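Along the sequence shown, the residues carry numbers beginning at 1. This structure is a prediction, so every number in the text was calculated from the model and none was measured.
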Amino acid sequence: MEENESPQLTKDEKKLFEDLMPEDLNEILVHGVNRRHFLKLMTLAGGGMLAWQSAVAEQVLTRPFSALTSSDFSPANIENGVNLSFKVNGAAKKLMVDSRMTLLDTLRERLELTGSKKGCDHGQCGACTVIVDGRRVLSCLTLAASCEGRSVKTIEGIAQGNELHPIQSAFIKHDGFQCGFCTPGQICSAVAVMDEAKNGEVSCVTEDVRQTASPIKLSNEEISERMSGNLCRCGAYPNIVAAIQEVHSGKEVAQTWEFRG
């Protein structure tokens, strides 16, 4: 769907939403089908539906996902607009955003960089972690407008072309991800932790916070503390620590799991 095109539903699609999601119908007619509607329809499609409903639901669900979002980001439709110029993964970007728009929403909705995940949207889970001017930040709590003139690196910019970052390779080796939802934030945070240690930045578990030596040698306890802002519901923490330790120390860490043939 083009940026200024109004959402269009077929007669059958309109009847489908009238029958299954009447409380959402007005919003869908005005703004189109968004991710929430899409997921809700998927859930309903998993239950018992009439044959005609199933056919129409399949028609909606198999559309290109870009056709399911009809937000109009033209300057005339942006409230409190501010012009934003910054670099994202090394590429210069210029766009107008609502002054209240977060960096996370800007990356996902405006720049289509969906690697950074929206988990809690309250800065508590770390799934949205990105690196701004070399420092890790929670993009769901960072206003896009505050990134004017700055450099942002997302999970999409961690690898160099087809060559994975050592942290990414170590995550694969040590199974540092399971469902994968938190992985982009975990990897961005891990890359930043490596830089923090290299720069001699201490944490609350550093034995001597007055030390001036640089870099800092990270223990497993140090890594766990520094990564504590990134939550993993699958519980892959030991594997994540092992992956970071292997890259940080340069010494091979034994795997704690095996493929079964």
field: Over all atoms of both residues, closest heavy-atom pair of Gly119 and Cys125
entry: CA-SG, 3.9 Å

- request: Verify, without hydrogens or angle tests, whether Asp98 (side chain) and Gly81 (backbone) share a donor-acceptor contact under 3.5 angstrom.
  value: no

query: Step by step, would you call Met227 with Ile244 a side chain to side chain contact (heavy atoms under 4.5 Å, CB included)?
result: CA-CA 10 Å; Met227 292 292 294; Ile244 298 172; 3.7 Å; yes

- line: One should read off an interatomic distance between Glu23 CD and Met21 CE, to the nearest 0.5 angstrom, of 6.5 Å

query: Can you tell me how far the SG atom of Cys140 sits from the CG atom of Leu107, to the nearest 0.5 Å?
result: 12.0 Å

message: Go through it in stages, so that I can follow the logic: the residues are Glu156 and Val130, the test is side chain to side chain contact (heavy atoms under 4.5 Å, CB included), and I'd like the CA-CA distance, side-chain angles, deciding distance and then a yes or no.
response: CA-CA 10 Å; Glu156 289 88 350; Val130 299; over 6 Å; no

field: Greater than 12 external heavy atoms within 6.0 Å of Lys117's NZ
entry: yes

query: Do the charged groups of Glu222 and Arg226 touch, with an N to O distance under 4.0 Å?
result: yes

- prompt: Looking at Gly235 and Pro238, what are the two nearest heavy atoms and their distance?
  reply: O-CD, 3.9 Å

- prompt: For the side chain of Asn239 and the backbone of His174, is there at least one donor-acceptor N/O pair under 3.5 Å apart?
  reply: yes

message: When you compare the side chains of Ser189 and Arg136, does any donor N or O come within less than 3.5 Å of an acceptor on the partner?
response: yes

- prompt: Under 3.5 Å, side chain of Ser85 to main-chain N/O of Lys94, donor-acceptor pair present?
  reply: no

- request: Report yes or no: do Val253 and Val191 belong to one cluster of Ile/Leu/Val/Met/Phe/Trp/Tyr joined by side chain heavy-atom distances under 4.5 Å?
  value: no

message: Using 0.5 Å steps for rounding, measure from the CD atom of Glu207 to the CD1 atom of Ile216.
response: 11.0 Å

statement: Distance col, row Ile172:CD1 vs Leu164:CG, nearest 0.5 angstrom, shows 5.0 Å

- prompt: Any donor-acceptor pair under 3.5 Å linking the side chain of Tyr237 with the backbone of Ser224?
  reply: no

query: Between Lys11 and Lys14, is any pair of side-chain heavy atoms under 4.5 Å apart?
result: no

- request: Grab the two heavy atoms, one from Gly185 and one from Asn230, that are nearest each other, plus how far apart they are.
  value: O-ND2, 3.2 Å

query: Given the rule that I, L, V, M, F, W and Y join up when any side-chain heavy atoms are under 4.5 Å apart, are Met101 and Leu138 in one cluster?
result: no

- prompt: Hey, any chance Phe181 and Phe171 share a hydrophobic cluster, counting ILVMFWY side chains that come within less than 4.5 Å of each other, even indirectly?
  reply: no

message: How about CZ on Arg233, more than 12 heavy atoms from neighbouring residues, nucleotides or ligands closer than 6.0 Å, or not?
response: no

- prompt: Any donor-acceptor pair under 3.5 Å linking the side chain of Glu27 with the backbone of Asp24?
  reply: no

field: Close side-chain approach of Ile158 to Lys153, heavy-atom, < 4.5 Å
entry: yes

message: Is there a side-chain contact between Leu218 and Val193 in this structure, where contact means two heavy atoms from C-beta onward sitting under 4.5 Å apart?
response: yes

statement: side-chain contact (heavy atoms from CB on, under 4.5 Å) test vs Leu103 passes for just one of Thr142, Leu143, Thr154, Val88, namely Thr142

- request: For Asn199 and Ser214, test the side chains for any donor-to-acceptor distance below 3.5 angstrom and give the result as yes or no.
  value: no

message: Set out, in order, the CA-CA distance, both residues' side-chain angles and the distance that settles side chain to side chain contact (heavy atoms under 4.5 Å, CB included) for Leu104 and Lys118, then state yes or no.
response: CA-CA 7 Å; Leu104 176 61; Lys118 180 176 285 193; 3.7 Å; yes

field: Sidechain-backbone polar pair: Glu246 side chain, Glu252 backbone, donor-acceptor under 3.5 Å
entry: no

message: Nearest 0.5 Å, please: how far is OG1 in Thr183 from CD1 in Ile187?
response: 6.0 Å

task: Please lay out, stage by stage, how Lys93 and Arg110 fare under the test side chain to side chain contact (heavy atoms under 4.5 Å, CB included).
output: CA-CA 11 Å; Lys93 302 292 182 181; Arg110 300 297 305 277; over 6 Å; no

field: Spacing of CZ belonging to Phe17 relative to CD1 belonging to Ile28, to within rounding of 0.5 Å
entry: 4.5 Å

field: Asn80 side-chain N/O to Arg100 backbone N/O, donor-acceptor pair under 3.5 Å
entry: no

query: Taking the side chain as C-beta and beyond, is there a heavy-atom pair between Cys234 and Cys179 under 4.5 Å?
result: yes

- line: Scanning both residues in full, the closest heavy-atom pair of Ile167 with Ala190 reads CG2-CB, 4.0 Å

query: Heavy-atom count around Gln160 CD within 6.0 Å, excluding the residue itself: above 12?
result: no

- prompt: Where do Cys204 and Glu225 come nearest, in terms of heavy atoms and distance?
  reply: SG-OE2, 3.2 Å

- prompt: Counting distance only, does the side-chain N/O of Arg108 pair as donor-acceptor with the main-chain N or O of Leu113 below 3.5 Å?
  reply: no

query: Mind checking whether Val97 and Val82 have side chains closer than 4.5 Å, heavy atoms only?
result: yes

message: For a quick test of reading the model, state the closest non-hydrogen atom pair linking Pro22 to Glu18 and the distance between them.
response: CB-O, 3.5 Å

